[in-house]
Chemist: 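Encoded as structure tokens, here's the structure I'll be asking about.
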Amino acid sequence: MRAVVQRALAARVEVEGQVVGAIEHGLVAFVGAAKDDDDADADHIANKIAGLRVFSDDAGKMSRALADVRGGVLAISQFTLFGDVRRGLRPSFDGAMEPARAEALYDRVVAALRARGLEVATGRFRADMRVFVENDGPVTILLDSKRTF
């Protein structure tokens, strides 16, 4: 699995003009599943998101995680993280997992984050979403359960 995680002062996601998920401060996590991902990959990504130490301490050093700052997570499904443009300009999504299985892994990430006591808001799987992020920093981190980058 892959995730792009952004530190946010506030974020929300809308579907058909209606807010379906929102957080105050915390992390926005765009999460996508690859064809060969499994439960272990979902657990790895959830652990990384929950444990990322990207919030400043009193000295201004990034050393605090979500639980330390009482931050929330806005988790957005994002198959386009597997868009491959190495052979041209039109992305190929051949590396992305088929939707039914991908949704189950996305749901597992969300459940794992909630099991840690974190506030988690979500978008709507396979919906056309508008995501609004007020970046903090900006701080953007790339996560990959296969550790390819």
Chemist: Are Arg64 and Asp58 close enough for a salt bridge, meaning some N to O gap below 4.0 Å?
Modeler: yes
Chemist: Give a yes or no on whether Glu98 atom CD has more than 12 heavy-atom contacts from other residues, nucleotides or ligands under 6.0 Å away.
Modeler: yes
Chemist: Looking at His44 and Asp39, would you say the former's side chain and the latter's main chain have a donor-acceptor pair under 3.5 Å?
Modeler: no
Chemist: When you measure from the side chain of Asp38 to the backbone N and O of Asp41, does any donor-acceptor pair fall under 3.5 Å?
Modeler: yes
Chemist: Keeping Asn135 on the side-chain end and Gly137 on the backbone end, is there a donor-acceptor pair under 3.5 Å?
Modeler: no
Chemist: Looking at Tyr106 and Ala75, would you say the former's side chain and the latter's main chain have a donor-acceptor pair under 3.5 Å?
Modeler: yes
Chemist: Transitively linked via ILVMFWY side-chain contacts under 4.5 Å: Val73 with Val110?
Modeler: yes
Chemist: To check you understand the geometry: which heavy-atom pair defines the closest contact between Ala8 and Val133, and what is its length?
Modeler: CB-CG1, 4.0 Å
Chemist: Please determine whether a side-chain nitrogen of the Lys or Arg among Arg130 and Asp128 lies less than 4.0 Å from a carboxylate oxygen of the Asp or Glu.
Modeler: yes
Chemist: Which heavy atom in Pro91 sits nearest to a heavy atom in Gly83, and how many Å separate them?
Modeler: CB-CA, 4.1 Å
Chemist: Partners of Ala102 by side chain to side chain contact (heavy atoms under 4.5 Å, CB included), sequence neighbours excluded?
Modeler: Ala33, Met97, Phe125
Chemist: What I want to check is whether the side chains of Asp57 and Ser63 have a donor and an acceptor closer together than 3.5 Å.
Modeler: yes
Chemist: Backbone N or O of Val139 within a donor-acceptor pair of the Arg7 side chain at under 3.5 Å?
Modeler: no
Chemist: Using modelled atom types and a 3.5 Å cut-off, is there a donor and acceptor pairing between side-chain atoms of Arg101 and backbone atoms of Lys35?
Modeler: yes
Chemist: Without swapping roles, check the side chain of Arg114 against the backbone of Val120 for a donor-acceptor pair under 3.5 Å.
Modeler: yes
Chemist: For Ser145, is there any backbone N or O sitting under 3.5 Å from a side-chain donor or acceptor partner on Arg2?
Modeler: no
Chemist: Applying the side-chain contact (heavy atoms from CB on, under 4.5 Å) criterion to Leu74, which one of Thr122, Leu27, Val28 satisfies it?
Modeler: Val28
Chemist: Is any NZ, NE, NH1 or NH2 atom of the basic residue among Asp37 and Lys146 found under 4.0 Å from an Asp or Glu carboxylate oxygen of the other?
Modeler: yes
